[in-house]
Amino acid sequence: MTSETGTRATRDAPGGMFPGHAAPADELALIRRMMEQAQAAAALDGRHLVLWGVLLAAVQAVHLALALAGAGPAGAYPWVGAMAAGVCGSAALGFSGRRHPTNLAVRLYGSVWMGLCLTIVLLFALALAGRGIEPAHLGVVAPAATGFAFFVSATIAGLGWLRWIALAWWAAAPTAGLLAPGPLAGMAGIALYLGLMALPGLAIMRRGKRP
Amino acid sequence: MPRVARGPLDDTIHAQARLAIVAFLNGLDEASFTTLRQALDLTDGNLSAHLRRLEEAGYVEVAKAFVGRKAQTTVRLTAAGRSAFTEYVATLAGLLGLPLDERFVR
């Protein structure tokens, strides 16, 4: 460690990056700049959305293939594996890698999605056990709840385009209720998970990497 | 109603590098030493010296921990640090005849 005016450290010497003192207007400009940098550093984590979007699209494809092959109720089993893999994967992502700076917005965003994930997994388990909710109803409830999570995320993060994603999820909920189970519904599900979950996740990740 | 401070500028924060550190930390729960160094483009020694000064004033808390085999230093603004920063911004705004921007207050 060097002294405050050590030999290595000259960037905040007068005339350097941080001159000793500046005019009040320049100081306010510096404060604004640093606070914007802090906001950019506390980037939202889009990796979980990519993980779940790809995972659910894949299991939807497997489910569709099994249904077309006449697998019957056995087609539900891959969903159990996908849910378990998603929860484990999300936990692994959360604990791995270097810690990114957080702020209130990042914590709220994480809480909303964790809450949604646990709610859907709980409803799925109840549906599987034949209690509380019909499996077919989950296809309507899950998109509606996902739309809610995107809508809240849009407000928390100040990302207006996420509201359009929320609206698309909300539109998907009644559509899922109207579509009869079959190839069309299966293909629509795959497109939904990739286009409205994995892709927004990628966009959020790219935004986080921006300098 | 906008707050207008009347006191003189806080000497501890008045140095530009320390003002930048405090302004950066005010927008976060905490930041690693590396994140701070990259954001401020300061040398390790220089950043350490400024952090020590802020720590002595009670404006920041510096914690060291091992993540795996790597030592990680994290820095967070204390309540006193946030209060001093808000007061500093209010004083600046007062000097310029501007209302205090609520975004500066957490």
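Every value quoted in this text rests on a predicted model; they were computed, and no experiment measured them. Within every chain, numbering begins at 1; the chains are lettered A, B, ... in the order of the sequence lines, protein sequences first and strands thereafter.
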Should D29(B) and V106(A) count as side-chain neighbours, where that means a heavy-atom distance under 4.5 Å? no
Student check: side-chain heavy atoms of V22(B) and M34(A) closer than 4.5 Å: no
Supply the atom-to-atom distance H14(B) NE2 to E27(A) CD, rounded to the nearest 0.5 angstrom. 5.0 Å
Identify, with sequence neighbours excluded, every residue that meets side-chain hydrogen bond (donor to acceptor under 3.5 Å, both in side chains) alongside S90(A). H48(A), W52(A)
Under 4.5 Å between any side-chain heavy atoms of F24(B) and M35(A), yes or no? no
Count the heavy atoms of every other residue, nucleotide or ligand shown that sit under 6.0 Å from CZ of F148(A), and state whether that count exceeds 12. no
Is there a side-chain contact (heavy atoms from CB on, under 4.5 Å) between I31(A) and L19(B)? Walk through the geometry before answering. CA-CA 7 Å; I31(A) 290 167; L19(B) 178 60; 3.9 Å; yes
Side chain, backbone, both or neither: which part of Q39(A) has a non-hydrogen atom closer than 4.5 Å to chain B? neither
Looking at CG of L25(B) and CG of N103(A), how far apart are the two atoms once the value is rounded to the nearest 0.5 Å? 12.0 Å
Value rounded to 0.5 Å, distance of CG in L28(A) from CG in L95(B): 9.0 Å
Name all residues meeting the side-chain hydrogen bond (donor to acceptor under 3.5 Å, both in side chains) criterion together with R163(A); count only those two or more places apart in sequence or in a different chain, and write none if there are none. none
When every non-hydrogen atom of G27(B) is compared with those of A38(A), the smallest separation belongs to CA-CB, 4.2 Å
